[in-house]
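Step one of this worksheet: look at the structure below.
Residue numbers start from 1 in every chain, and the chains themselves are labelled A, B, ... in the order their sequence lines are given, proteins ahead of strands. Quantities reported herein were computed from a predicted structural model and do not represent experimental measurements.
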Number of protein chains: 2
Amino acid sequence: MTEALTDSPPQAFNELRDLIIERRDKLPRRLAQVAAYTIEFPDDIAFGTVGSISERAAVQPSTLVRFAKALGYSGFSELQAVFQERLRDRPNNYEARLQSLDEHTSGHSPAMAAIEGFSEAAIRSIERVKERVKPEDLDEAARILAAAETVYLIGLRRSYPVTAYLHYALGTLGIRTVLAGSPSGVDREILAFAGPRDAALAVSFTPYAPTTVEYTRQIVAQNTPLVSITDSPFSPLALNTSVWFEIVESDFEGFRTLAATMTLAAALAIAVAEKRRAGGRR
Amino acid sequence: MTEALTDSPPQAFNELRDLIIERRDKLPRRLAQVAAYTIEFPDDIAFGTVGSISERAAVQPSTLVRFAKALGYSGFSELQAVFQERLRDRPNNYEARLQSLDEHTSGHSPAMAAIEGFSEAAIRSIERVKERVKPEDLDEAARILAAAETVYLIGLRRSYPVTAYLHYALGTLGIRTVLAGSPSGVDREILAFAGPRDAALAVSFTPYAPTTVEYTRQIVAQNTPLVSITDSPFSPLALNTSVWFEIVESDFEGFRTLAATMTLAAALAIAVAEKRRAGGRR
DNA sequence: AGGAAAATGGAATATAAGTTCCATCACGAT
DNA sequence: ATCGTGATGGAACTTATATTCCATTTTCCT
């Protein structure tokens with residue numbers, strides 16, 4: 001059996017990469033060839049099979065196993081896992097930024113760790129909004145809300161701050177809104193006033209408050225156009241809705257911020273205001 | 001054999017995603033369950049094996065194959081390939097990513113410009129929080145709030161969503177809160193109950209709502225410790241306050257999001273909860 | 001040049017993976 | 001209530017994958 005390393009092989013891709021580069025010229029010919037291939041086509045290592053990779057790298061399958069063992073892994077699969085980790089859970093864009101965040105985090109007070117953790121989660125979430133929200137949807141939502149005489153805002157529990165914000169934001173922009181979910185408790189009666197010439201905006205995340213779902217049903221039944229913000233295509237709000245947005249807030253220690261949702265809400269408010277200005281008064 | 005589709009199944013991830021979402025509610029129970037899992041954990045589909053995925057998705061291995069076939073693929077492996085493509089050949093280096101981001105930005109609809117603009121503003125604001133907030137301040141604020149019998153939350157207008165969020169967040173963490181600023185209009189009387197063994201948290205930004213300023217004066221006069229979140233050292237809230245945080249939300253076209261404030265609020269909530277847990281009950 | 005040690009290619013093997021099949025179950029129509 | 005269709009769970013089967021083994025070649029030292 002080939003010699004194994006005394007200490008355990010790297011689990012992080014970057015370390016592994018460094019190790020391969022460092023060892024490269026001490027390795028025998030075929031193994032060096034594999035080393036070069038792994039550095040050049042890391043994605044292929046992550047997804048390929050021993051057979052397919054060996055073919056493309058022009059070596060024998062057994063050579064790949066040897067290579068992994070020479071690096072201290074128990075077999076090729078173990079080495080492959082490291083290459084896969086690199087591609088996993090990568091929230092597309094801000095990886096580098098987040099990584100530097102992680103480095104800062106360690107060694108701080110628990111309070112500061114919370115700040116860093118939530119910042120990281122918030123930035124990720126916002127990034128995702130940018131990627132996922134379709135311009136057409138935003139335009140359509142803005143059109144609906146801009147055309148409404150009154151906008152009914154529906155949001156309970158965690159979603160309530162969002163509707164409260166929109167209540168404020170749309171209010172300052174001269175758009176009449178009615179906020180459901182406040183402690184008044186007469187929401188149903190208020191929502192009964194909504195008609196086809198109004199519009200409603202509902203916000204709800206898992207676990208969806210039954211009341212919110214019920215309200216949206218009522219709204220739809222009254223032929224009032226509905227725009228929703230929710231966290232999954234399978235959310236009850238995503239059905240029967242004129243337009244809906246998917247927002248996935250990353251969590252930190254099981255707790256979620258509202259940063260991304262607030263960002264979308266702000267954009268929506270501005271878009272509505274612009275539509276109103278452009279489309280003339282109604 | 002199960003029915004196959006007439007036209008070929010999607011090779012691009014986004015199309016596949018849309019297809020799954022569209023078909024979701026027409027699928028039988030177990031297949032719908034798989035559908036939800038694939039949307040929620042696409043990375044797992046890309047890297048897992050039929051065995052491991054079926055275990056985590058709580059279905060039989062055969063169900064995964066059925067799911068793939070129901071979508072028109074020849075088998076699970078073919079569907080998996082689409083999930084892998086999504087992760088392959090993604091540019092790693094930071095600059096390239098940012099560049100592609102910029103390219104997306106320009107030439108989009110005004111609606112999308114709003115999303116991009118607010119996202120940028122929000123991320124910048126959050127990063128500033130990270131830099132500016134002092135760990136000692138956060139610790140001290142958490143200590144004050146954790147020691148309080150009741151936490152009084154003061155926030156009007158744009159700040160109201162923040163206190164509403166804290167009302168919810170602290171509530172779920174088992175901390176008694178009273179929310180001022182809601183439409184009830186009896187805030188002053190409610191705040192009169194606050195004493196030295198309680199604490200208050202006030203949030204206010206320019207232009208500072210006179211009512212908020214007045215409330216904080218009242219609170220301080222009653223010897224209730226006060227934590228503030230505001231946007232300038234010269235804010236009326238920064239004076240006479242036990243601890244205060246400076247949050248500057250970047251604006252986009254004169255409009256401000258609450259992303260950074262929400263992030264700080266979340267961190268504060270967690271920090272308080274941890275202090276409570278660590279420090280025993282009072 | 002001769003020999004030992006290491007490296008290599010390729011076949012053999014054991015393991016794991018994906019797929020198929022069938023008995024059973026749930027549900028809707030008659 | 002009964003029948004029939006479709007869905008489901010789980011075992012059986014087939015394929016392919018990673019790993020091991022060994023004969024052969026290469027390398028390097030004396």
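Between A/Glu249 and A/Thr261, the side chains place a donor N or O and an acceptor N or O closer than 3.5 Å (distance only, hydrogens not considered).
Between the side chain of A/Ser242 and the backbone N or O of A/Leu226 there is at least one donor-acceptor pair closer than 3.5 Å.
Distance from the side chain of B/Val50 is smallest to C/dT19 among C/dA7, C/dC21, C/dT19. Of the candidates D/dC22, D/dT8, C/dA7, the closest approach to any side-chain atom of B/Arg29 belongs to D/dT8. In this structure, of C/dC21, C/dT19, D/dT19, it is C/dT19 that holds the atom nearest to the side chain of B/Pro61. Each of D/dT8, C/dT19, D/dT20 was ranked by its minimum atom distance to the side chain of B/Phe76; first place goes to C/dT19. Listed candidates were C/dG18, D/dT20, D/dG10. Nearest to the side chain of A/Lys69 is D/dT20. Closest contact between the side chain of A/Ser77 and the listed nucleotides D/dT8, D/dA18, D/dC22 involves D/dA18. Distance from the side chain of A/Gln60 is smallest for C/dG10 among the nucleotides C/dT19, C/dT8, C/dG10. Of the candidate nucleotides D/dT8, C/dT19, D/dT19, C/dT19 has the atom lying nearest to any side-chain atom of B/Val65.
Here the C1' atom of nucleotide C/dA17 and the CD atom of A/Gln80 are 13 Å apart, to the nearest Å. The interatomic distance linking B/Leu27 (CG) with C/dC27 (P) rounds to 17 Å, in whole Å. Atom CG of B/Leu31 is separated from atom C1' of C/dA26 by 15 Å (rounded to the nearest Å). Put simply, OH on A/Tyr73 is 17 Å from P on D/dA18, counting in whole angstrom units. Between B/Leu64 atom CG and C/dA17 atom C1' the separation is 12 Å, expressed in whole Å. Per the geometry, CD belonging to A/Glu78 stands 13 Å off C1' belonging to D/dA18, to the nearest Å. Atom CG in A/Leu79 sits roughly 13 Å away from atom C1' in D/dA18 (whole-Å rounding). Between the CZ atom of B/Phe47 and the P atom of C/dA16 there is a distance of 21 Å, rounded to whole Å.
For B/Ser62 against D/dG10, a side-chain N or O and a base N or O form a donor-acceptor pair under 3.5 Å. Interface remark: the B/Thr49 side chain does not form any donor-acceptor pair with the C/dG18 base, using a distance-only criterion of under 3.5 Å.
Using bins of under 30°, 30° to 60° and over 60° for the plane-to-plane angle, the ring pair A/Phe252/A/Phe118 lands in the perpendicular bin.
When all heavy atoms are compared, the tightest approach of A/Gln33 to A/Val59 is NE2-CG1, 3.5 Å.
Geometric assessment of A/Arg158 against the ring of A/Phe205 yields a positive cation-pi assignment under the 6.0 Å and 45° thresholds.
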